[in-house]
Number of protein chains: 2
Amino acid sequence: MLTTIEVTGVNVATEIPLRVRGCCQPVAPRIPGPDAEECAAVFRALGDTTRLQMIHMLAKATEPVCVCDFTASFDLGQPTISHHLAKLRAAGLITSTRRGIWTFHQLNPAMSQAAREVVALLH
Amino acid sequence: MLTTIEVTGVNVATEIPLRVRGCCQPVAPRIPGPDAEECAAVFRALGDTTRLQMIHMLAKATEPVCVCDFTASFDLGQPTISHHLAKLRAAGLITSTRRGIWTFHQLNPAMSQAAREVVALLH
DNA sequence: TCCTTGCATCGATGGCTGTCGATCTGTTGA
DNA sequence: TCAACAGATCGACAGCCATCGATGCAAGGA
């Protein structure tokens with residue numbers, strides 16, 4: 001175990017680094033570009049408290065949820081809720097179905113495997 | 001299976017909704033506020049392709065990684081890399097240790113359980 | 001045919017974020 | 001003591017994002 005000292009959020013160690021490879025070398029194979037962007041997009045969609053709560057609500061819900069359920073649950077206007085739902089839809093996390101006057105939302109059954117694994121973490 | 005028609009990204013179903021509870025009702029218990037915000041912060045930190053690649057590299061690396069390794073791997077300036085590392089550090093995903101001239105970075109061994117589960121998905 | 005209702009869309013606005021060049025700081029070696 | 005280097009910080013800037021009020025639009029009911 002190294003003895004370290006906190007300095008502006010960075011630990012200062014007093015020992016010589018054990019370093020095999022040279023410096024300034026790429027370290028490991030990267031995630032393929034498109035995969036990384038798609039994965040980041042899912043994280044970005046969930047990187048907002050409101051949308052995270054929405055996905056959690058949909059994951060818990062036993063029947064489809066309409067927009068007014070969300071507006072009743074969050075202190076936000078209807079256009080803002082609609083905007084968040086559009087973001088979740090664009091990320092492929094939910095699907096929306098209109099039945100008569102109402103539009104119902106649910107987790108996308110055809111969600112990507114990566115997205116499914118992330119959503120599963122939200123119980 | 002419902003027969004649906006695509007209209008501006010929303011499916012239009014022709015059947016009457018099966019709805020037990022009334023409309024405009026909160027649906028399920030929410031994630032406690034602080035938990036949701038902390039969780040969203042982790043997702044937000046991973047919601048950028050560069051940072052996602054960084055975490056992936058650190059997860060794959062067998063020894064600590066210094067800033068110049070990242071600048072060699074990404075087409076970004078050193079201040080930008082430093083900025084992204086600071087974001088990952090603020091989210092509790094990595095720790096940074098200075099040894100002599102270099103600052104080495106690694107996945108935070110004391111990462112929150114939620115964060116650990118998310119990072120584990122990146123292989 | 002007209003009104004009401006649920007929801008999407010538009011335009012505006014303030015705040016946040018990714019990126020850069022310039023600069024500052026701390027460490028090493030001469 | 002000083003020069004060279006790794007990396008953090010600062011200030012600026014452009015682009016994105018969350019939010020709102022206003023408006024448009026489709027469906028249902030009178």
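All chains are named by letter (A, B, ...) in the order of the sequence lines, taking the proteins before the strands, and each is independently numbered beginning at 1.
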Trainee: If you check the B/His105 side chain, which of C/dC7, D/dA8, C/dT19 turns out closest?
Mentor: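 The listed nucleotide nearest to B/His105's side chain is D/dA8.
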Trainee: Does B/Ser82 make a side-chain N or O approach to OP1 or OP2 of D/dG7 shorter than 4.0 Å?
Mentor: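 Result: no.
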Trainee: On DNA chain C, does the nearest nucleotide to B/Arg51 precede the nearest nucleotide to B/Ile101 from the 5' side, or the other way round? Give the residue.
Mentor: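 This one resolves to B/Arg51.
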Trainee: Choosing from D/dA22, C/dT19, C/dA8, which nucleotide comes nearest the side chain of A/Pro79?
Mentor: D/dA22
Trainee: Is a side-chain donor or acceptor of A/Glu37 paired with a backbone partner of B/Thr49 at a separation under 3.5 angstrom?
Mentor: no
Trainee: If you find the nucleotide of DNA chain C closest to A/Ile81 and the one closest to B/Thr50, which residue's nucleotide is nearer the 5' end?
Mentor: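 It is A/Ile81, whose closest nucleotide lies nearer the 5' terminus.
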Trainee: When you measure from the side chain of A/Lys87, which nucleotide among D/dA18, C/dT17, D/dA26 comes out closest?
Mentor: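 So the nucleotide nearest the side chain must be D/dA18.
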Trainee: Does the plane of the ring in A/His105 sit parallel, tilted or perpendicular to the ring in A/Phe70? Use 30° and 60° as the thresholds.
Mentor: tilted
Trainee: Starting the side chain at C-beta, find the nucleotide from C/dA8, D/dA8, D/dT19 nearest to A/Thr80.
Mentor: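 Closest nucleotide to the A/Thr80 side chain: D/dT19.
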Trainee: Just by modelled atom types, is the A/Pro79 backbone N or O under 3.5 Å from a matching donor or acceptor in the A/Ser82 side chain?
Mentor: no
Trainee: Looking only at atom types and distance, does a side-chain atom of B/Arg51 sit under 3.5 Å from a main-chain N or O of B/His84, one as donor and one as acceptor?
Mentor: no
Trainee: Would you tell me if any nitrogen or oxygen in the side chain of A/His84 comes within less than 4.0 Å of OP1 or OP2 on D/dC17?
Mentor: no
Trainee: May I ask you to verify if any side-chain N or O of A/Arg89 is less than 4.0 angstrom from the OP1 or OP2 atom of C/dA8?
Mentor: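 So the side chain of A/Arg89 is within the cut-off, an N or O lying under 4.0 Å from OP1 or OP2 of C/dA8.
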Trainee: Within this structure, what is the CG-to-P distance between A/Leu88 and C/dA8, rounded to whole angstrom?
Mentor: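 In whole Å, C/dA8 P lies 12 Å from A/Leu88 CG.
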Trainee: Report yes if the side chains of B/Ile94 and B/Ile55 come closer than 4.5 Å at any heavy-atom pair, otherwise no.
Mentor: yes
Trainee: Counting heavy atoms not belonging to A/Glu38, are there more than 12 under 6.0 Å from its CD?
Mentor: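 For A/Glu38, atom CD is not crowded (no more than 12 foreign heavy atoms under 6.0 Å).
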Trainee: Over how many whole Å does the gap from A/Phe70 atom CZ to C/dA8 atom C1' extend?
Mentor: 16 Å
Trainee: When the distance from CZ of A/Arg44 to C1' of D/dA18 is rounded to whole Å, what number comes out?
Mentor: 15 Å
Trainee: Taking atom P of C/dC16 as reference, at what distance in whole Å does atom CG of A/Asp48 sit?
Mentor: 13 Å
Trainee: Output the single nucleotide from D/dG7, C/dG26, C/dA8 whose closest atom is nearest the side chain of B/Val67.
Mentor: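 The listed nucleotide nearest to B/Val67's side chain is D/dG7.
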Trainee: Taking the minimum atom-to-atom distance to the side chain of A/Thr103, which one of C/dC7, C/dG26, D/dT19 wins?
Mentor: C/dC7
Trainee: Nearest to the side chain of A/Trp102 - D/dA8, D/dT19, C/dG6?
Mentor: C/dG6
Trainee: Let's test your reading of the model: under 3.5 Å, does the base of D/dA8 pair with the side chain of B/Gln78 as donor and acceptor?
Mentor: yes
Trainee: Could you state the CG-P distance from B/Asp75 to C/dG18, rounded to the nearest angstrom?
Mentor: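 So the two atoms are 17 Å apart, to the nearest Å.
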Trainee: Using atom CD of A/Glu37 as one end and atom P of C/dG18 as the other, report the distance to the nearest whole Å.
Mentor: 12 Å
Trainee: CG of A/Leu76 versus C1' of D/dC17: gap in Å, rounded?
Mentor: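 Those two atoms, CG and C1', are 14 Å apart.
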Trainee: Tell me the interatomic distance from A/Leu85, atom CG, to D/dA18, atom P, rounded to whole angstroms.
Mentor: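 In whole Å, D/dA18 P lies 13 Å from A/Leu85 CG.
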Trainee: Within the structure shown, what part of the strands sits under 4.0 Å from A/His83 by heavy-atom distance: base, sugar-phosphate, or nothing?
Mentor: base
